[in-house]
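Computed from a prediction, not measured in an experiment: that's the story for all the values here. Counting convention: from 1, in listed order, for ligands and their atoms alike.
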Amino acid sequence: MQKKQNTIGLVWFRNDLRVHDNYILHEACNNHNIIIAIYFFNPEHYKLDKFGFKKTEKYRTRFLIETIQDLKRNLKSLNVELFIYFDKPENVINQFLLDFGIKQIYLQKEWTSEEQTVLNKVKASISGDSAFNEIYDQFLYNPEDINIKIEQIPQVFTNFREKVEKFSQIRPQAHLKALKKIESISNDTKIPSLNDLGFEDFKTHLNSSFPFKGGENAALNRLDDYFFQSKKLRFYKKTRNGLVGTDFSSKLSPWLANGSISARTIYWNVKKFEQEYYKNQSTYWLIFELIWRDYFKYISLNHGNAIFKIDGILKKDYTWKTDLSLIDNWTNGETRSSFVNANMIELKETGWMSNRGRQNVASFFAKDLELDWRIGAAYFEAMLIDYDVHSNYGNWMYVAGVGNDPRDRKFNVDLQAEHYDANGKFQNLWLQRTLF
Ligand SMILES: Cc1cc2nc3c(=O)[nH]c(=O)nc-3n(C[C@H](O)[C@H](O)[C@H](O)COP(=O)(O)OP(=O)(O)OC[C@H]3O[C@@H](n4cnc5c(N)ncnc54)[C@H](O)[C@@H]3O)c2cc1C
């Protein structure tokens, strides 16, 4: 084991907002006797994007505030102080490092352009000689453990999945012990409120399929409930295409997206469930879906900014429309399809939409209305509680026919409604009228 340094290590939290199974925090604690943590609510995340949507809307913002409240408490119990700023990191970090004499910074490795730009600005602002230790920690299969070169990630999911399943191992969870208590660090930074970030307080919609709070404690409770208490995991493969209620799927995505829970923790709990209760197609299928999540991260690692380009990773030269009234009809749930409308209203009222819904509304946007798919993706980015850059842009490219779908399918939204909402329950819920 490495010898600990009597210096302060800084953990800069971004999308790894947990103390449980956090390899970055673990590495920092292995190397230093004192750890300080920092988190930024970056004002850039609350501005309008190039299509006129707020980059982060109220649902994900409130979830994030709850997440940071929980993180602060959990870090405190390990004797780690979390400093919180509503500012750009490049305005704060240099002085922070100087004030505490910090030389080592630990952070999750991110590769998408906005995250890289911020990090580059921070590095450019630093006057001393601090080292940035960037660690991959958002994967199920860590990039250092797979036997595929990033440039050779298969274009077809199945080829990727079969290889990683055959040749790679999932790492164990990291466990932490509390550090020694430090009395001398004073911290008067505060978590901004929803109002500070530009939003009114609001109540969760009564029909929301995602009525849960942010934070790793809520994530672990949900996992325990879905797996070990209600044992709904046993039926996951049968129910996962559902539309109504909290239990048709795991609902773990919002916590996964901001790193309140690791994919590894979910994986090892599936294994525990399989040992203690049942092992069946459903238990495997949750892992299968986590591999999809990994896959889109590998696609973005391989293709960089191409995932944000209109012709996607396939460089397909389609013609796309940008008709504002068609876009407004879609976002407001006023299209010719009541199934699409119900899903879009659900998203607008709650920040959540099922996977079945997302596939349909995205296909309708890109393939029926032939609208520039990046506008639909940007709207999802604003609204979704579980927005994740790789899953969002990867899935949108896939549905729009510029990504990884070898069959380039178009959903028939009317048939989909008949199949998945045969009695109209879901449409009734959100359109508040009796169908049929
Ligand atoms: C157009 C479109 C946009 C999407 N945008 C996002 C997004 O921004 N963030 C996000 O997390 N997911 C996104 N998804 C994927 C998927 O819809 C959600 O992950 C899923 O609905 C979350 O619900 P759950 O946690 O109950 O999933 P479950 O069915 O319980 O699945 C378990 C986990 O597997 C992963 N997963 C499942 N399906 C997918 C998938 N198709 N792609 C990648 N990972 C998957 C998720 O991490 C999920 O939490 C998108 C899908 C589409 C079609």
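Separation of the Trp292 and Tyr398 ring centroids falls under the 6.0 Å cut-off.
Between Arg14 and Glu110 no salt bridge is recorded (no basic side-chain N to carboxylate O distance below 4.0 Å). With salt bridges taken as basic N to acidic carboxylate O contacts below 4.0 Å, one links Arg409 and Asp405.
Surrounding NZ of Lys238 are at most 12 heavy atoms belonging to other residues, nucleotides or ligands under 6.0 Å away.
Remark: Tyr23 engages no residue in a ring pair (Phe, Tyr, Trp, His ring centres under 6.0 Å) (not counting sequence neighbours).
The salt bridge (charged side-chain N to carboxylate O under 4.0 Å, His left out) with Asp137 is formed by just one residue from the set Lys109, Lys297, Arg171, Arg264; it is Arg264.
Within 4.0 Å of ligand 1, protein heavy atoms belong to Tyr236, Ser249, Ser250, Lys251, Leu252, Ser253, Leu256, Leu286, Glu289, Leu290, Arg293, Phe296, Trp352, Asn355, Arg358, Gln359, Ala362, Phe380, Leu384, Asp386, Tyr387, Asp388, Ser391, Asn392, Asn395, Trp396, listed by chain and number.
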